[in-house]
Every structure is written in structure tokens, then in C-alpha cells.
Amino acid sequence: MSTENEGAAVPPEAGSRPAPPTPHPDPAVPPAPDFKPAVGAAPDAPSGPIGPPGEPAAGSRLPEPAPPAPTPPVAPPASPPAVAAEGAPVASGTGHPLPDPAAGSGDTASWWAEGGSQAAQDGPQALHGSPGGPADPWGTVPAPPSQPPARKRSGGLVAALLAAVLVAGGIGGGIGYWAADQSDSSDSTTISALGNPKSESRTPGSVSDIAGKALPSVVTIEAQGSNGEGGTGTGFVYDTQGHILTNNHVVASAADNGKLTATFSNGKRYTAEVVGRAQGYDVAVVKLKNASGAELTPLPLGNSDKVQVGDATVAIGAPFGLSGTVTTGIVSAKNRPVASSDGGGGNASYMSALQTDASINPGNSGGPLLNGDGGVIGINSAIQSAGNGGGLGGETQQSGSIGLGFAIPINQAKHVAQQLIKTGEPVYPVIEATVNMKDTGDGATIAGNGAGGSQAVVPNGPADKAGLKAGDVIVKLNDTVIDSGPTLISEIWTHKPGDKVTITYKRDGKQSTTQVTLGQRKGDS
């Protein structure tokens, strides 16, 4: 705002004669008449736009600059006239700024996008000047008076204050004009968010890049048993022959004369059959029956042994049947001993799992857990749930994720998958000793008796050859602390038959170590 009111009349000093009027180039233009509002009342503005010259009205296009108007002659007023907005055209006989014919309705305050009034905090009704909204000092003006105000000298100060408010309103309107998105209809004002070049570039290694490459190789599996029972899970392309890697508990219901289908992200559905499944590992391999038209791009496999806590993870699956769902997180723990069950009364599965906080829910089971390079580091298999007293499980539990998901390390799953494709049955490493599964905290205790009253330590088996006896408490396997029977089994199953491991155990309060060569067991019993 200018420090002087250009073109406004200036009251004469006391005792001086008013200066004669200055001749104007165009004598046909009459001088602006005096106008003073009554004390305490401000002259009313028209419903058109308010602001300094050059400020566009809300929803309008930028106007062409107008040539400067000739300066009217200054008449000696009896008292100071009202001061209009700086440089605004004035209607003859009123002292009010004229509305801009290019302006909008004046009912929509577009300036609220930045630096708006209290109306901007009171909801859409107030923002758009709807009846009942709070008074808006810049976007809404009062009705003109019914009769001319009385001439009082103190009105000049009120008019000057009003001029300052009007100019400030014009500044606010200008800011709003540039911040708001223009519309030819002038019916609404929208805010356009600036694009983020980094996120829109889909750079290699971004989540969108990883998901875009992996989704075509992830399938939604629907399994239905001969009794009509079944569920939905996930799997992913393992090789170009049409093998799909998934969880055992995803396909178990359809393993015996059931129906099994795999649906790709492009909507193509194929019937499938179970090639082999390992209940103890919770790993299964299925194969598309007619894969001639399928786009079979195997997902690259990472190295789960090199995973570190804090590494980024991306999980893909069909939680609650919502195919193609992508979630992210980190590896929150490694070598987490997990015993899980499908809730169907079958034997439990044991894994030394990767723990992740990526959201995993029923239906994610069998789907890939990817690293930041897009390689598979695990098969999502189980969740810890607060809804069932802390149990673990898969598709039969309808409780949701609490940020504790568990995946079978891909190095172990790959070995199992190769065995299933080759022979159709799993092979487990064993020490051939029965341990208590309910004792926790102090180690894995070798039971007094085996199943059906048999000996807990199989004669001439790996544990017997290493000198282990009933009652011994195993507290370590290599460098891994053993706190329970499930932990011992989970750790043994990370190895292969024939591997040599060092077992630390306690007997009669004395700690000792021994070396055990792992034996093998074929099939699920």
C-alpha cells in the first residue's frame, strides 16, 4: 500500500484559503463529490472484487492492464472525503470502488487457501459464504445504507481505516488467487498438490518398483476340500515349469481330491495340483495343470542367511481375500523359534523364522517376503495375534496383524521345495530323541519315554551315539541358545541330514558338550 493516498482530496490547513482548482485536460469529467459516513459506520463496498489495481478476482483470468485514468481536478471540500481502496475506480456520487466486470460472484472467498479468516476454520459452509456462516471481513460485505450518512468531520478517520482494511483484503485475495487452482466455471476452488519428482520417477529399488516387478509373479490360491471347506492364500512362481511355492496349510484342505486354483494379477485363472507338501516345514509346491498361456516369470531368490535386523521388507499377498495387497516394514528379528498350526488338528510346524513388522494377515500365507532388492527372503507363514491369547496361526484365524509376522527363511524353503519337486516327500534332519514340548526357559529336556512307551533315545541313533540320555537338558545347539523343545526342533530343521552340530547339555548339574551327526526321516508321520 502506498504511503500516500494518490488522487484523494487533502483538507486545507487552518487559516489558509483553499487553492483554486487545477485545470483538468478533460473538463467534462466532474470532480468526485464529498462523502463522509456517519460516526461509527463504514461505507459499504459493492459485492464485486476488492483490492489494489492488478489483483485478479477469484476464479477469473488475469485482466489486461488498463491505461491510467486522467487525474480529476481537486475541489476544495468542506471536510475530508472518504478514502477508497488505493487506485480503485470510484462510482460517481458514491465514493465506493466499482466492481470489476471480469470478477466472479464475490460469494466464494478463494483467498482462504492461504491466510484466510476464521471462516476458513468453520467448515465448507463458512468457506463458501453460505448463510449462517461467520462474518468474513474480506469475502463478504454488508448491504449499502438506505439513506446518505450525515456529514461529520470525524468520519474521515473511519474511512481511512476502512481503506486500510480493503487494501489488506485485496492482498489476501491475491495470495489466494495464486495458491488456488482456476476454474472457468467459477463454481469451486480446488488446491493442487505439487508433484514429487522423486516418488513419481519410480526409481529402481523403490517400493513401487519392487511391487510392479513382483506382482505379475504372485498368485492368489483358492483351495476347497471334497467336503466344501477351504480358504484363500497366496503363492508365487518358483520356476518356468509352472511350479508355485506356498505354505502347506494353504493347500492342505485340497490335497486329497479337492479343488485348487491359482489366479494371477492379470485375472487369468488356472487349475492346479499338489506336487508335494511338508507339514513340518509348512512348505508346499503346487503346479499349474495347463500353464501354456501363463506368463511364468520366477521371482528371484535372495539369501536369507545374509539378512540383517533392520533391513527393509515388502510383503505381497491376499489378506482376507484382497489380492495383490502390498505392505512394507523391516526385518525386526532373526532366528525366531516359531511353532504354528493351521488349527485343523494337524501336527504343528516349526521354523526358525524371520520376524517382520510388515502387515501380514490371514490370506498372506504362502506369499513372498521381499528384500530391498526385490529378492525373496522368506515365505510368509504365521502371525502373532492378540485376539487369541497370543497363539500363532494362518488362514483359519480371523484376527488381524499386530506387527508380528513370521516367514520361513527362503534358504530353508528352497531346499524343501527342491526335495518335494524331486521326490514328492519331505526329508527332515533328526537326532532321534524325544524332548518335552511344554517345558520352557531352561532348555529342551529329553523325555523319560518316547511315543507309545518306546525309548526316548533311539538305540544306535544320532543322540545315542553322541552319549545323550533321558533327562539330559539341551541348552545350546552350536551357538544358538535353546530354551525349549520347539526351539530345539526349529534349529535342527535349519540344517540338512548328515550335518554335524555341537550340542551343549546339562546332566546332574554339570554342563557338557558333544558332537552329533544328524540323521534323517522321510515323510510326515
Side-chain angles (χ1 to χ4, degrees), residues 181 190-222 232-240 244-247 250 262-270 294-304 306-334 353-381 383 400-410 413-414:
D181 192 8
T190 59
I191 303 302
S192 296
L194 296 177
N196 186 335
K198 183 176 180 180
S199 63
E200 292 177 355
S201 65
R202 310 297 187 260
T203 56
S206 64
V207 174
S208 57
D209 176 64
I210 293 172
K213 293 177 180 177
L215 278 168
S217 299
V218 178
V219 299
T220 298
I221 296 176
E222 295 181 22
T232 301
T234 308
F236 60 93
V237 177
Y238 180 72
D239 58 28
T240 57
I244 305 295
L245 197 55
T246 186
N247 282 145
V250 170
T263 305
F264 284 77
S265 61
N266 59 8
K268 292 185 177 181
R269 177 177 296 186
Y270 300 86
E295 297 181 6
L296 299 174
T297 304
L299 287 182
L301 305 183
N303 187 345
S304 54
K306 293 185 177 181
V307 170
Q308 297 295 323
V309 173
D311 285 353
T313 58
V314 177
I316 302 179
F320 299 102
L322 301 175
S323 302
T325 297
V326 178
T327 54
T328 63
I330 62 168
V331 175
S332 48
K334 293 177 58 179
L354 296 175
Q355 179 180 313
T356 180
D357 66 348
S359 182
I360 297 175
N361 289 286
N364 274 105
S365 285
L369 184 68
L370 308 169
N371 60 16
D373 295 325
V376 181
I377 57 174
I379 303 177
N380 300 319
S381 182
I383 60 173
S401 172
I402 58 172
L404 293 173
F406 304 97
I408 303 165
I410 194 60
K414 177 182 177 182

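Between Leu370 and Ile210, the shortest heavy-atom distance links the atoms CD1-CG2, 3.7 Å. In plain terms, the two heavy atoms of Val326 and Ala211 that are nearest each other are CG2-CB, 4.0 Å. Closest heavy-atom contact between Gly366 and Thr246: CA-OG1, 3.6 Å.
Distance alone, capped at 3.5 Å, places no donor-acceptor pair between the Tyr270 side chain and the Thr263 backbone. Put simply, the side chain of Ser217 never gets that close to the backbone of Phe236: no donor and acceptor are under 3.5 Å apart. Here the side chain of Asn361 pairs a donor or acceptor atom with the backbone of Ser401 at under 3.5 angstrom. Panel note: side chain Asn371, backbone Gly374; a donor-acceptor pair is recorded below 3.5 Å. At distances below 3.5 Å, at least one donor-acceptor pair connects side-chain atoms of Thr356 with backbone N or O atoms of Ile330. Proximity of a side-chain donor or acceptor of Thr313 to a complementary backbone N or O of Gly329 within less than 3.5 Å is detected. Of the possible polar contacts, one joining the Ser206 side chain to the Asp209 backbone as a donor-acceptor pair under 3.5 Å is found.
Within a 6.0 Å radius of NZ in Lys334, more than 12 heavy atoms belonging to other residues, nucleotides or ligands are found.
Taking CD1 from Ile383 and OG from Ser359, the interatomic distance works out to 9.0 Å, rounded to the nearest 0.5 Å. Rounded to the nearest 0.5 Å, atoms OG (Ser365) and CD1 (Ile379) are 10.5 Å apart. Put simply, CD1 on Ile360 and CG on Leu369 are 6.0 Å apart, with the number rounded to the nearest 0.5 Å.
One finds no salt bridge joining Glu295 and Lys268 here, because no Lys/Arg side-chain nitrogen approaches an Asp/Glu carboxylate oxygen to under 4.0 Å.
No side-chain heavy atom of Ile316 sits less than 4.5 Å from a side-chain heavy atom of Thr234. Looking at Ile244 and Val219, their side chains come closer than 4.5 Å, going by heavy atoms from C-beta outward. Side-chain atoms of Arg269 and Phe264, non-hydrogen and from C-beta on, never get closer than 4.5 Å to each other. Side-chain contact between Pro216 and Val237: absent, with no pair of heavy atoms (C-beta onward) separated by less than 4.5 Å. Looking at heavy atoms from C-beta onward, Pro409 lies out of side-chain contact with Ile377 at the 4.5 angstrom threshold. Using a 4.5 Å cut-off on side-chain heavy atoms (C-beta onward), Phe320 and Thr325 make no contact.
Between the side chains of Ser323 and Thr220, at least one donor-acceptor pair of N or O atoms lies under 3.5 Å.
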